[in-house]
S.K.: 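This is the structure I have questions about; it appears just below.
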Amino acid sequence: QVQLVESGGGLVQPGGSLRLSCAASGFTFGYYSIGWFRRAPGKEREGISCISTSDGSIYYADSVKGRFTISRDNAKNTAYLQMNSLKPEDTAVYYCALYRGMMHRNTWSYQKIYRHWGQGTQVTVSS
């Protein structure tokens, strides 16, 4: 059974940092690309980053480029999202999701192509 569990969310002041983790089980982690998405209050869920399997290509939304860093450790079946210089507008529930195979530049943020999702972790940026 495929399971994804996000952790690492919490309350942080503007300018602070958090590292989210996405722990996976029940499948061969290395076969999958990992996406991070978020849903802010009153907004639709949006894609913020993805790391592909095989070639390790990485993609970011413009809103987080230069502040967030995605990574993965296949030996630990875990993906990470390092979030620096956090802003109040980063407040959201953050989700990780799986796509089997290599990800492509033009489709990484399309939610419908991701097959499995975690339950989400809350990130609140506030003073």
S.K.: Decide yes or no on side-chain contact (heavy atoms from CB on, under 4.5 Å) for Leu11 and Ser126, but give the supporting numbers first.
M.R.: CA-CA 7 Å; Leu11 174 63; Ser126 175; 4.2 Å; yes
S.K.: What closest approach, in Å, do Ser85 and Ser17 show between heavy atoms, and which atom pair accounts for it?
M.R.: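 Ser85 and Ser17 have their closest heavy atoms at N-OG, 4.3 Å.
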S.K.: For the OG atom of Ser33 and the CD1 atom of Ile51, what is their distance to the nearest 0.5 Å?
M.R.: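 One gets 9.0 Å once the value is rounded to the nearest 0.5 Å.
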S.K.: Measure the OG1-OH distance between Thr69 and Tyr60 for me, rounded to the nearest 0.5 Å.
M.R.: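 So the OG1 of Thr69 and the OH of Tyr60 are separated by 4.5 Å.
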S.K.: Quick check for you: to the nearest 0.5 Å, what is the distance between Ser52 atom OG and Tyr99 atom OH?
M.R.: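 Answer for the OG-OH pair, Ser52 versus Tyr99, is 9.0 Å.
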S.K.: At what distance, to the nearest 0.5 angstrom, does CD1 of Ile34 lie from CD1 of Ile58?
M.R.: 12.0 Å
S.K.: Backbone N or O of Tyr59 within a donor-acceptor pair of the Ser49 side chain at under 3.5 Å?
M.R.: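 Judged by distance alone, yes, a pair lies under 3.5 Å.
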S.K.: Please walk me through it: do Tyr95 and Gln111 pass side-chain contact (heavy atoms from CB on, under 4.5 Å)?
M.R.: CA-CA 11 Å; Tyr95 303 88; Gln111 300 179 46; over 6 Å; no
S.K.: Mind checking what makes disulfide (SG to SG under 2.5 Å) contact with Cys50, not counting sequence neighbours?
M.R.: none
S.K.: For Cys22 and Leu4, work out which heavy atoms get closest and say how close.
M.R.: SG-CD2, 3.9 Å
S.K.: If we only count heavy atoms from C-beta on, is the Phe27 to His116 side-chain gap below 4.5 Å?
M.R.: no
S.K.: Tell me whether Met103 shares a hydrophobic cluster with Tyr110, the cluster being built from Ile, Leu, Val, Met, Phe, Trp, Tyr side chains joined at under 4.5 Å.
M.R.: yes
S.K.: With sequence neighbours left out, write down each residue that passes side-chain hydrogen bond (donor to acceptor under 3.5 Å, both in side chains) with Asp73, or none if nothing qualifies.
M.R.: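 Residues passing side-chain hydrogen bond (donor to acceptor under 3.5 Å, both in side chains) with Asp73: none at all.
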S.K.: With sequence neighbours left out, which residue pairs that include part of residues 103-127 fulfil the salt bridge (Lys or Arg N to Asp or Glu O under 4.0 Å) condition?
M.R.: none
S.K.: Check whether any side-chain N or O of Gln119 sits under 3.5 Å from a backbone N or O of Val5 as a donor-acceptor pair, and report yes or no.
M.R.: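 No, the answer is negative, given that no donor and acceptor are paired below the 3.5 Å cut-off.
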S.K.: Checking Asp62 now: which residues fulfil side-chain contact (heavy atoms from CB on, under 4.5 Å) with it, not counting sequence neighbours?
M.R.: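 Asp62 satisfies side-chain contact (heavy atoms from CB on, under 4.5 Å) with Lys65 once adjacent residues are dropped.
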S.K.: Is there a chain of hydrophobic side chains (I, L, V, M, F, W, Y, each step under 4.5 Å between heavy atoms) that links Phe29 to Tyr80?
M.R.: no
S.K.: I'd like to check Ile48 versus Leu81 (side-chain heavy atoms, cut-off strictly below 4.5 Å). Are they in contact?
M.R.: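 SC-SC contact between Ile48 and Leu81 confirmed.
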S.K.: Are side-chain heavy atoms of Val93 and Thr121 found at a separation under 4.5 Å?
M.R.: no
S.K.: Please verify the inter-ring angle class for Phe37 with Tyr114; under 30° counts as parallel, over 60° as perpendicular, anything in between as tilted.
M.R.: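 Geometry flag for Tyr114 against Phe37: perpendicular rings.
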S.K.: Excluding sequence neighbours, so at least two apart, what forms side-chain hydrogen bond (donor to acceptor under 3.5 Å, both in side chains) with Ser54?
M.R.: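 side-chain hydrogen bond (donor to acceptor under 3.5 Å, both in side chains) list for Ser54, sorted by chain: empty.
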S.K.: Please tell me if the side chains of Val64 and Trp36 come closer than 4.5 Å, counting only heavy atoms from C-beta onward.
M.R.: no
S.K.: Give, for atom CD of Gln82 and atom CG of Leu20, the distance between the pair rounded to the nearest 0.5 Å.
M.R.: 9.0 Å
S.K.: Any chain of hydrophobic side-chain contacts (each under 4.5 Å) joining Trp108 to Trp117?
M.R.: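 Yes, same cluster.
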S.K.: By side-chain contact (heavy atoms from CB on, under 4.5 Å), which residues pair with Asp90, not counting sequence neighbours?
M.R.: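 Asp90 satisfies side-chain contact (heavy atoms from CB on, under 4.5 Å) with Arg38, Arg67, Phe68, Leu86, Lys87, Tyr94, Val125 once adjacent residues are dropped.
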S.K.: Any idea which heavy atoms bring Pro14 and Ser127 closest together, and the distance?
M.R.: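 Shortest heavy-atom separation between Pro14 and Ser127 comes out as CD-N, 3.7 Å.
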S.K.: Look only at the side chain of Thr53 and the backbone of Gly101, and say whether a donor-acceptor pair between them is shorter than 3.5 Å.
M.R.: no
S.K.: About how many Å separate CZ of Arg39 and CD of Glu44, when rounded to the nearest 0.5 Å?
M.R.: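 Going from the CD atom of Glu44 to the CZ atom of Arg39 covers 8.0 Å.
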